[in-house]
Amino acid sequence: MTRPLPRGRALVAGLLLILFTCLIAPNTAIAATPAPSDGPVYPEATEPSAEDDEGSVLLPTISAQEGNTYLAVTEAAQPLVDNQAILDAVREAMGESNAKLLIGVDKKPNSLKGAGQLVRGMLLFSDTSYLALADDWLENGKTLGYVADGWIVIGVMLPEETGGTVEVAVDAGRDVKGNREQLVSSGVIAFAAGDYTEGINQVALTALDDLEAPADRTWMMYTALGVLGALILAVAVRAVSLSLRRKATAAAQHRQKRASELSHELADSLKSLRIMTLAEPVGQLAEQARGALGDAITSYLQTVQEPDSTSPTASAGAQPEVSGAQLERLERNTEQAQLLTRGLKEFNSLGNLRGELPRLISAHRKKLNEVAGLLEIPGAGELACEPELRRILVVHTLALEKAGPEDLDELWKLWRELHEVTHRALQQAAAARVKVPAQLRESLNAAADTDVFAQIEAALAAPTGVRA
């Protein structure tokens, strides 16, 4: 395709072409007949005549492209060349070269003064200028050249009639080195025979053989940056991996240590549950509590797995993997075993009361005195359970005064009620920020802790009750 310039700009374009023709320091130029070896590469420009400014300046635009090969052919020259044949001919040579190739083809008559102005026009005025024009052409073009690094630009001016002289101009980037002498004679025979496609092929192949462009180091820079980035990423990933591994190792060691401690505690509790026996109950309530506690202990011992010397947690030299789920199950089993053991001990200490009725009554009265002391603390009168505490003081005191061995069931019930209400009173006092003396609080808490049967029943009823 061609691109005509508006007539109003034709004079300016023509003058610029003449100016650049005068500034050309050609590298290589050949015609259908060999030129003297010491002659200029570009054909020498002649002074323009008045008729030169009358027409439009036609410059070729990109008509075919493959890889780093760009072909620009005018409409006038297009019927005389085969674009695809040229691309096919230079494909292999381009694969072995580091250069980028721009070939422009035009046909006389036109407003250009030969192939040299065709090259310069493609560099400065055509849409091909963005490809091969050096970035600093305005500052250094006159002295260092206009072609960008790595580029070879070939201009071919076909004759008006077959058999006429074909002008060829070749310019290359500042970093392109090589012998340009053979370019003078390449393609001469094919051009003379009218085979312009073959002639262009021979010029292009000779240029690619004799001119050497340095390797494009841009990809090397990106490759180096990519490798550096990969190394940085690998170091970061390894650092994170080591950190996570250290944390995982520390967590595993903590689980292992805790599992070993729990295993010993569980073994001790299981031993106590198997050795100790429940005392004979006195009274109906005591008998019910003994039955519930006995059933819980029996069920637990049948389902829980006891640690032994072959267990990973039992060997100090082993480094077992203890998961969070395993540790949680072990903690639950140990807690249940300790609760049952405590319940068994408390039942045995409180269950056989027939011969110890005076001690039970004395202990009960002591706790009632402590409740009375609690009610005297400033702020205790505002507790929600304050009326119930006062009722207990009256009812329990009267019951203890007339209690006998036949009243053990009733005393058992009162004892448990006292524990329950006392525990609730301490919770309300803490929430209301009532200052209970430490000694009194510890004594009342001890009274509440002796009633473990409710805790046992709650644990048995919970979803996470006694399980192996």
Side-chain angles (χ1 to χ4, degrees), residues 24-32 34-35 37 40-42 60 62-73 77 80-106 115-116 118-120 122-123 126 128-134 144-158 166-193 195-220:
I24 291 175
N27 294 328
T28 302
I30 64 172
S37 60
V41 176
Y42 296 121
I62 299 297
S63 57
Q65 183 262 333
E66 181 179 305
N68 288 329
T69 303
Y70 297 83
L71 188 60
V73 184
L80 303 177
V81 297
D82 186 342
N83 294 348
Q84 189 59 46
I86 296 174
L87 295 177
D88 293 340
V90 302
R91 182 181 298 116
E92 183 176 353
M94 286 295 295
E96 300 175 356
S97 174
N98 297 319
K100 295 179 280 289
L101 183 62
L102 172 61
I103 303 174
V105 184
D106 198 2
L118 174 61
V119 170
R120 191 56 50 82
M122 287 193 301
L123 288 173
S126 179
T128 58
S129 62
Y130 78 94
L131 292 171
L133 183 62
L144 301 179
Y146 290 89
V147 183
D149 289 346
W151 279 90
I152 299 174
V153 183
I154 300 175
V156 179
M157 185 64 72
L158 302 181
V166 177
E167 298 181 17
V168 176
V170 179
D171 202 355
R174 305 164 193 173
D175 61 344
V176 177
K177 309 298 180 181
N179 182 11
R180 308 184 184 187
E181 295 299 328
Q182 295 187 26
L183 295 176
V184 176
S185 58
S186 61
V188 171
I189 297 176
F191 284 139
D195 190 350
Y196 300 131
T197 298
E198 179 60 25
I200 294 172
N201 291 343
Q202 292 179 13
V203 173
L205 292 174
T206 302
L208 291 173
D209 289 340
D210 295 351
L211 302 180
E212 182 178 355
D216 185 1
R217 300 190 181 277
T218 303
W219 69 271
M220 297 178 64

Inset, instruction - Using modelled atom types only, decide if a donor and an acceptor are shared between the side chain of Thr69 and the backbone of Leu101 within a distance under 3.5 Å. - result: no
Correct closest heavy-atom pair for Ser186 and Val203 would be O-CG2, 3.6 Å
When Val105, Asp106, Val168, Leu123 are each screened for side chain to side chain contact (heavy atoms under 4.5 Å, CB included) with Leu118, the one that passes is Asp106
Residues at least two apart in sequence or cross-chain that pass side chain to side chain contact (heavy atoms under 4.5 Å, CB included) with Ala193, listed by chain then number, are none
The side chain to side chain contact (heavy atoms under 4.5 Å, CB included) partners of Asp209 (sequence neighbours excluded) come to none
Check your understanding: So do Pro60 and Val73 actually touch side chain to side chain, heavy atoms under 4.5 Å?
Key -> no
In terms of heavy-atom contacts, Asp171 and Arg120 come closest through OD2-NH2, 4.1 Å
The side chain to side chain contact (heavy atoms under 4.5 Å, CB included) partners of Leu205 (sequence neighbours excluded) come to Val90, Ala93
Sorted by chain and number, sequence neighbours left out, side chain to side chain contact (heavy atoms under 4.5 Å, CB included) with Arg174 holds for Ala134, Asp136, Asn140, Leu144, Asp149
Next on the checklist: Donor-acceptor check, side chain of Thr197 to backbone of Asp82, threshold 3.5 angstrom: yes or no?
Outcome noted: yes
So does Gln202 get a backbone contact from the side chain of Thr206, meaning a donor-acceptor N/O pair under 3.5 Å? yes
Thr128 (side chain) donor-acceptor with Met122 (main chain) under 3.5 angstrom: yes
Looking only at heavy atoms, the pair that brings Val119 and Ala169 closest together is CG2-O, 3.8 Å
| request: Please confirm whether the backbone N or O of Ala115 pairs with a side-chain atom of Glu167, one donor and one acceptor, at under 3.5 Å? | output: yes
As a quick check of understanding, evaluate side-chain contact (heavy atoms from CB on, under 4.5 Å) for Ile200 and Phe191, giving each step before the final call. CA-CA 8 Å; Ile200 294 172; Phe191 284 139; 4.2 Å; yes
With ring centroids as reference points, do Tyr70 and Trp151 lie under 6.0 angstrom apart? yes
**Report entry** Min side-chain heavy-atom separation Val156-Val166 under 4.5 Å
**Finding:** yes
* To do: Give the intermediate values and the outcome of side-chain contact (heavy atoms from CB on, under 4.5 Å) for residues Ile152 and Ile154.
  => CA-CA 7 Å; Ile152 299 174; Ile154 300 175; 4.2 Å; yes
Glu66 meets the side-chain hydrogen bond (donor to acceptor under 3.5 Å, both in side chains) criterion, sequence neighbours left out, with Arg91
Residues passing the side-chain hydrogen bond (donor to acceptor under 3.5 Å, both in side chains) test with Glu92, sequence neighbours excluded, are none
Of all heavy-atom pairs linking Ile86 and Asn201, the shortest is CA-OD1, 3.2 Å
